[in-house]
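Notes to accompany the following structure.
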4 protein chains.
Amino acid sequence: MLDVLGNGPDVLKDAHSRKQKESTVMHVSNEDATKAINAARKKAESLKTKMCIAVVDSGGNLKAFARMDDAWVGSIDIAIKKAKTSVFFGMATGLIGGLSQPGKSLYGIEHSNDGLITFPGGLPIVDDEGVLIGAIGVSGSSVENDHKVAEAAVKVLGVSDVPEHPWRT
Amino acid sequence: MLDVLGNGPDVLKDAHSRKQKESTVMHVSNEDATKAINAARKKAESLKTKMCIAVVDSGGNLKAFARMDDAWVGSIDIAIKKAKTSVFFGMATGLIGGLSQPGKSLYGIEHSNDGLITFPGGLPIVDDEGVLIGAIGVSGSSVENDHKVAEAAVKVLGVSDVPEHPWRT
Amino acid sequence: MLDVLGNGPDVLKDAHSRKQKESTVMHVSNEDATKAINAARKKAESLKTKMCIAVVDSGGNLKAFARMDDAWVGSIDIAIKKAKTSVFFGMATGLIGGLSQPGKSLYGIEHSNDGLITFPGGLPIVDDEGVLIGAIGVSGSSVENDHKVAEAAVKVLGVSDVPEHPWRT
Amino acid sequence: MLDVLGNGPDVLKDAHSRKQKESTVMHVSNEDATKAINAARKKAESLKTKMCIAVVDSGGNLKAFARMDDAWVGSIDIAIKKAKTSVFFGMATGLIGGLSQPGKSLYGIEHSNDGLITFPGGLPIVDDEGVLIGAIGVSGSSVENDHKVAEAAVKVLGVSDVPEHPWRT
């Protein structure tokens with residue numbers, strides 16, 4: 001391995017100790033993701049459901065995840081895909097599902113992006129300044145319940161109404 | 001490689017020689033999976049069909065599989081995916097298929113989990129204590145026949161009615 | 001769709017209202033997974049690192065995940081794959097990595113199971129009764145730090161020494 | 001759906017009731033695959049190991065599979081990939097592994113075919129007439145034990161020495 005590639009035992013250790021600047025909000029923070037998951041769990045319990053809950057950042061990359069005990073194993077991937085789908089297009093997954101039906105304009109969109117889920121349960125998270133900072137995806141019950149639990153989670157962080165561009169994506 | 005992280009040719013040989021405890025039922029056993037496959041094969045023969053038969057554990061991981069002579073090669077993956085789909089959601093695959101039609105609430109769910117199969121032929125296996133211990137998937141004929149063969153297999157091990165939570169998933 | 005195969009909008013809502021029994025330990029619980037992630041986060045902070053932390057159950061299915069702010073996006077998948085790799089073989093990922101080097105007995109094993117990660121940072125979680133209940137995977141710094149953080153997480157739940165069979169896998 | 005495509009409820013039911021001819025040996029039969037798996041299981045028990053055992057036909061398609069209780073979950077895919085790798089190239093997996101090391105002629109071949117496994121434990125099955133009828137893959141212990149168990153399975157059906165072409169693949 002060439003030295004010019006900076007390879008060596010110190011590279012990884014030093015990666016986090018470089019000069020930093022004050023962060024501006026761009027993504028949902030780990031603290032906020034935890035708050036959202038806790039709110040979702042509480043709502044799920046009040047509905048007597050067992051949910052998988054996923055939070056992704058504005059790039060669609062997983063930020064936090066929790067599977068409640070006895071939740072469907074098949075809901076792990078669905079919750080993550082709902083969150084991704086929602087942030088990928090800045091809208092509730094159910095809205096995309098309306099457009100992806102046979103004969104509609106986005107028919108078959110689920111084949112993109114290694115698989116989308118376009119039924120309800122995924123919602124964008126938009127902060128006070130109108131920035132799309134991530135999304136939440138919930139799966140484990142009826143789509144109505146999934147949606148309610150996602151709504152309860154978004155409410156602690158902001159709203160789901162995505163403004164016009166720019167979104168900082 | 002650090003010494004504290006261990007390493008060496010004896011690791012795999014020694015992995016099986018540590019302290020043990022009595023096992024309790026958690027998943028369908030290899031013996032039970034074999035019984036289920038034999039019952040499925042017998043039923044398939046009585047229907048003059050050639051089937052692929054898959055048994056997965058409660059985590060969706062393959063436990064046993066058999067392809068009868070002259071069964072469709074394309075049914076291998078379908079049988080495995082039916083078994084996975086059934087255990088992922090604790091219900092008969094046909095139930096999910098009813099909800100995943102265009103315009104229904106779970107339209108497009110097949111795009112999750114590296115591919116689901118949502119037509120009949122997959123059934124959960126629930127033991128005497130109400131524990132979801134795995135699932136069976138059958139493919140190779142009409143969905144009616146696939147379902148009948150899966151039912152014959154489940155019957156030798158338990159039932160397909162998944163109880164209320166907890167499921168130990 | 002055949003009537004005998006059941007189907008309808010009430011299926012998902014009713015799925016959770018059947019007979020139930022008392023649960024016994026089989027997998028790491030959501031509560032324990034949260035404890036493990038919190039312990040890992042605390043250790044990561046003491047090391048001034050930013051980590052991705054994943055917990056899987058004994059079937060390799062994701063139970064909980066957290067990405068600390070400013071952690072590498074590329075570490076998301078590595079943390080999850082380390083946890084899976086560790087539970088798949090009931091041992092620390094670093095042990096497998098020692099055997100998968102060129103010329104060693106398991107060279108190329110990383111190509112299986114949709115990708116394994118075989119350097120340190122993944123550890124099995126074994127409970128007081130010697131049951132393999134899951135695994136943790138940590139990624140975000142040097143492998144030495146990743147391993148230390150994983151160790152701190154396992155310590156709050158049990159040990160990483162997998163006993164002789166049976167493991168209930 | 002057009003009638004000329006033969007679509008309808010009777011298509012699947014009739015698929016297996018057409019005129020047939022006497023079969024000539026081309027693939028390992030389901031009966032033989034079961035024999036091979038039973039021989040492998042017996043050998044694995046004598047070695048006090050827990051194995052995953054896969055049998056594929058001469059096209060590399062899964063014919064039969066068994067996971068012994070408490071075998072590594074990660075060995076499911078490795079056993080299947082060893083069987084496929086072996087039949088794909090008509091040789092023991094360990095032979096390919098010798099050629100896929102860094103600097104050798106087949107370096108990186110594991111990246112093909114959705115993943116190969118090139119360490120020992122996969123063996124071709126060749127019948128009395130010198131026809132390559134399938135392969136077996138075994139995973140769950142050291143590669144030496146995996147290989148011994150695969151050998152015990154092949155012995156009940158034929159040999160592993162593949163003749164010169166034609167192989168009927």
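Proteins come first, then strands; the chains are lettered A, B, ... in the order of their sequence lines, and each starts at number 1. Keep in mind that what you see is a predicted model, and the values were worked out from it rather than measured.
Contacts of D:I76 with chain B are made by side-chain atoms alone, with heavy-atom separations under 4.5 Å and no backbone atom involved.
Against chain D, the residues from residues 78-86 of chain B that qualify, each with a non-hydrogen atom under 4.5 angstrom away, are B:I80 in number order. Proximity to chain D at a heavy-atom threshold of 4.5 Å picks out B:S29, B:N30, B:T34, B:R41 from residues 29-41 of chain B, in numerical order.
Listed by chain and number, the residues in a side-chain hydrogen bond (donor to acceptor under 3.5 Å, both in side chains) with D:N113 amount to none (sequence neighbours excluded). Annotation: side-chain hydrogen bond (donor to acceptor under 3.5 Å, both in side chains) contacts of D:S75 (sequence neighbours excluded): D:S139.
Taking CG of B:N61 as the start and CZ of D:R67 as the end, the distance is 5.5 Å to the nearest 0.5 Å.
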